[in-house]
Amino acid sequence: MKKEGKKQRIILIMNVLVVGGGGREHAICWKLHQSSHVTHIFCAPGNAGIAEIATCVPIKPTDIERLAELAIAQKIDLTIVGMDESLSLGIVDLFKKKGLRIFGPTQNAAKLEWSKYFAKEFMLRHNIPTAPYACFEQRDFALAYAKSQEPPIVIKADGLALGKGVTIAKSFEEAKIAIHDCFDGKFGEAGKVVVIEEFMKGQEVSVFAICDGKEAVTLVPAQDYKRLYDGDLGPNTGGMGAYAPVPFVTPEMLGKIKEEIIMPTLNGMIKEGYPYQGILYCGLMLTEKGEPKVIEFNSRLGDPEAQVALPLLDEDLFEICWAVTEGDLGKYKEGLHRLGGAALCVVIASGGYPQKYQKGIPIEFSRLNEPVEVVSGKNPQTLEAILRAKGIIFHAGTARDTDDKLVSNGGRVLGVTALADSLLDAQVLAYKLCERIDFEGKYYRKDIGDKGMV
Ligand code: AMP
Ligand code: GLY
């Protein structure tokens with residue numbers, strides 16, 4: 001620990017471990033890298049982009065015992081968990097048992113994400129607004145209930161299913177297939193209990209509350225684009241893009257979300273014996289009547305929402321995470337500072353995603369260096385200058401091949417984020433960057449951000 005400056009601001013000198021290896025974890029590492037407290041970042045398993053600012057260690061996020069060994073061996077001062085799977089396996093409980101400091105909810109607290117059944121019952125117990133629902137452990141009862149409902153009918157596997165366990169059935173026939181899929185084991189253990197709920201109309205938003213058990217502060221609300229094709233058509237994906245801030249989440253609406261959803265959740269978790277520390281991701285529907293209702297809770301940052309929310313955060317992420325582990329978020333009670341303007345992220349995916357896709361396809365950034373004139377607002381600039389000033393290419397599924405060349409290594413390959421004074425400018429910049437990144441079969445949506453410009 002060293003002291004700096006006249007104000008005697010204490011600078012902690014820390015080794016940090018980030019668990020995960022997607023675009024979200026790249027955004028977390030990128031933000032931590034700016035902290036004066038952080039001397040070294042380890043990331044498990046990381047990716048080729050993260051490797052530029054951190055030491056990547058090839059340990060799976062599910063191998064929590066080996067992650068604890070790594071934290072001990074490398075004298076890690078703070079571990080930040082990006083991935084839900086590690087949380088559902090109890091990484092936080094294990095690390096705490098070994099005396100290691102870690103940011104994230106315990107296994108029981110993270111149940112808000114890993115059991116939709118638990119989350120729904122919890123919301124009912126604590127009067128937290130959500131869609132009416134019923135849960136079933138038996139196929140026949142589920143089928144009979146679905147038959148009695150007006151389509152669209154929402155069918156959800158209880159457990160973690162990589163975002164694929166939800167079907168919005170437009171007819172009873174579709175609902176039937178989804179119910180059979182769950183009980184026939186398509187999602188393994190996750191589908192043993194089926195939640196059937198009412199369809200909600202409105203605008204979806206992601207609100208991230210950073211929680212220390214008692215207090216919560218929110219990041220800038222973001223909107224995710226979950227469907228594969230423009231106009232919100234096609235299959236659900238992990239997320240094809242995001243932007244922030246979201247114009248219809250006014251400060252009043254955010255206040256209402258905090259009062260009606262976030263604080264009752266924290267207080268409910270205290271009452272039930274599982275104080276919630278870490279990120280509470282509230283996936284919300286703002287209904288046509290202007291009421292926020294919970295679609296789902298997650299126990300970590302959204303991906304790709306983190307790629308817009310963190311670049312807009314004008315605070316030291318390490319300090320915030322540290323304060324959470326100290327139970328000391330109260331010092332941010334005025335709220336977190338954020339940069340003005342907007343951020344927009346376009347996900348570039350492999351052709352074929354979310355079904356079958358190839359890996360190992362070379363990725364070329366060389367055309368980004370061409371000094372192309374583009375118009376951003378009123379000021380013509382070169383693309384190179386824009387990238388340096390306002391663009392961030394987050395890596396999601398990338399690796400280096402045996403010749404050290406950058407190649408694709410996943411379904412979602414890159415998250416191209418642009419920051420600008422307005423959402424429209426951020427959109428123009430992000431798409432200019434996307435056009436000039438080359439790899440065979442690349443696919444991205446062309447309408448990210450449109451919903452924020454009505
Ligand atoms: P989930 O995994 O629970 O977030 O669901 C995936 C997606 O399905 C959500 O992002 C929504 O777009 C949609 N969805 C889930 N539940 C509902 C609902 N009750 N009404 C309308 N859309 C829903
Ligand atoms: N973008 C949705 C999620 O991270 O679950």
Got a donor-acceptor contact below 3.5 angstrom from the Glu315 side chain to the His337 backbone? yes

So, Lys120 side chain and Ala131 main chain: donor-acceptor pair closer than 3.5 Å or not? yes

Taking the side chain as every heavy atom from C-beta outward, state whether Tyr117 and Lys192 have any pair of such atoms under 4.5 Å apart. no

Any chance you could lay out the salt bridge (charged side-chain N to carboxylate O under 4.0 Å, His left out) test for Lys258 and Glu215, step after step, and finish with the verdict? CA-CA 11 Å; Lys258 196 161 176 192; Glu215 305 288 340; 5.9 Å; no

Classify the side-chain pair Ser35/Asp316 by whether it contains a donor and acceptor separated by less than 3.5 Å. yes

Using modelled atom types and a 3.5 Å cut-off, is there a donor and acceptor pairing between side-chain atoms of Thr39 and backbone atoms of Met14? yes

Does the pair Lys156/Glu296 count as a salt bridge with the N-to-O cut at 4.0 Å? no

Minimum side-chain heavy-atom gap Asp84-Trp114 below 4.5 Å: no

I'd like to know if the side chain of Arg445 and the backbone of Arg227 have a donor-acceptor N/O pair within less than 3.5 Å. yes

Does any non-hydrogen side-chain atom of Tyr225 lie less than 4.5 Å from one of Val347? no

Can you find a heavy atom in the side chain of Ile179 that is under 4.5 Å from one in the side chain of Phe136? no

What pair of heavy atoms forms the shortest contact from Thr79 to Ala71, and how long is it? OG1-CB, 4.4 Å

Do Asn47 side-chain atoms and Gly21 backbone N/O form a donor-acceptor pair below 3.5 Å? yes

Do Asn127 and Pro264 make a side-chain contact, defined as non-hydrogen atoms from C-beta onward lying under 4.5 Å apart? no

Enumerate the residue pairs fulfilling side-chain hydrogen bond (donor to acceptor under 3.5 Å, both in side chains) with a member in residues 12-30, sequence neighbours excluded, ordered by first and then second residue. none

Using the side-chain contact (heavy atoms from CB on, under 4.5 Å) rule, pick out the option among Lys111, Arg300, Gln107 that qualifies with Leu87. Arg300

Going by the rule side-chain contact (heavy atoms from CB on, under 4.5 Å), which residues pair with Val407 if we only count those two or more places apart in sequence or in a different chain? Ala399, Asp401

